[in-house]
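Both ligands and their constituent atoms are indexed starting at 1 by order of listing. This chain uses plain numbering: 1 for the first residue, then up along the sequence. All values derive from a computational prediction rather than experimental measurement.
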Amino acid sequence: MSFSFDIKHSESGSLARVGTINTPHGPIQTPAFIPVGTKATVKSVLPEAMKDLGSQALLSNAYHLYLQPGSDVLDEAGGLAKFMNWPGPTFTDSGGFQVLSLGVGFKKVLAMDAQTFRRDDVIAGNKDRLAHVDDEGVTFKSHLDGSMHRFTPEVSMQVQHQIGADIMFAFDECTTLHNTRPYQELAMDRTYAWAIRCLDEHKRLTQERIGKPYQALFGVIQGAQYEDLRKKAATDLGTLESNGQSFDGFGIGGALDKGQLGTIVSWVNEILPEEKPRHLLGIGAPEDLFVGVENGCDTFDCVLASRIARTSAVYTMEGRFNLSNSRFKRDFTPIDSQCDCYTCTHYTRAYMHHVFRGKEIISATLATIHNERFIVRLVDQMRQALLDGNFADMKADFLGRYTHRSGQSRD
Ligand SMILES: [Zn+2]
């Protein structure tokens, strides 16, 4: 079996839809949240537990796996899913974001606020950069041992084919809100040229690697906060065909100003071919997921749920809070009384408070299970609400109670 996307229901009056992405490793019912296992593991949680909490697929990162253990090791192991004992579909992020993060020196959590940063000078000076971009690709220094490497569109495709995920992303130049408009234009032209090279190399590798499960390739739409650039990218990549090969789906990436998230996503999704799936890269805060779903995104990934869990922060229907806070010392209720996860059905806030205060390893495991379940289930509930015709009510009910605001995050 190869790759397909079936739309079951399209919401009238909005871009939202419900569908199924079929991959060689199984189906994904959309809209869906895809938890992140950057280095072929969701930190502190067994794959079995991820399956039990409702995760339909996992997303890993090509850059990290290329550096360690090496993408050839995953190829030899039979691909990413088999290597990490994950019984389902997988995604890999192309490495563009990570490599470029080294370049501009921006933090892992992108500031999703265009008002705070306007100037290019927040970007690291040339000599301090760990990566340098040119028209052919990116040269970068490993964050692990300082060794030098080079990613080109061809290398990214070779690495991602070796890793063997069901859904891969084209190698793009990811910019930040801090870059100037002329630079955004340059980066977009580059991303387009690289998209063609990715399609060509992807086709060559698909033909060469006979007998391997089909891997789908998604193009990545850049263009920052600019309407004309976003629309041009969606038009150009949406219709792009090289040697008979076109993208199987699309990722919406790059700097996304939180206040403009819905607007930017709708510019793009109104243009992209309706019959292909769309993934919103690095977005996973509850309030942002509603915006993504109602503006036509089918899948999402974000490291936030697991990253904040390790710092004792948990999502609940009443908002986000920290379990290490002393008010939970004698609170013998679950983290969220409405949550059906393993943690909430077996442990109390008082126990969670105790293991976080004692820096016990199990704290990360239990809190991550809860947070991932919370986000996976929230998007599942959005899917059901779309089918039941009460998405607007469900959204109003959730946001009426949930108040915390947080940013975009990729690993
Ligand atoms: Zn829970």
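Listed by first and then second residue, the side chain to side chain donor-acceptor pair (under 3.5 Å) pairs involving residues 75-86 are E48-N85, D75-R209, D75-K212 (not counting sequence neighbours).
One N or O on the side chain of R278 and one on the backbone of N269 form a donor-acceptor pair closer than 3.5 Å.
The aromatic rings of F140 and F151 sit perpendicular to each other, their planes meeting at more than 60°, with 30° as the lower class boundary.
Around the Zn ion (ligand 1), the protein atoms of type N, O or S found under 2.8 Å away are C339 SG, C341 SG, C344 SG, H370 ND1, listed by chain and number.
Checking D257 against Q225 by side-chain atom types alone, no donor-acceptor pair falls below 3.5 Å. For D301 and H279, the side-chain atoms include at least one donor-acceptor pair closer than 3.5 Å. A donor-acceptor pair shorter than 3.5 Å cannot be found between the side chains of Y347 and H354.
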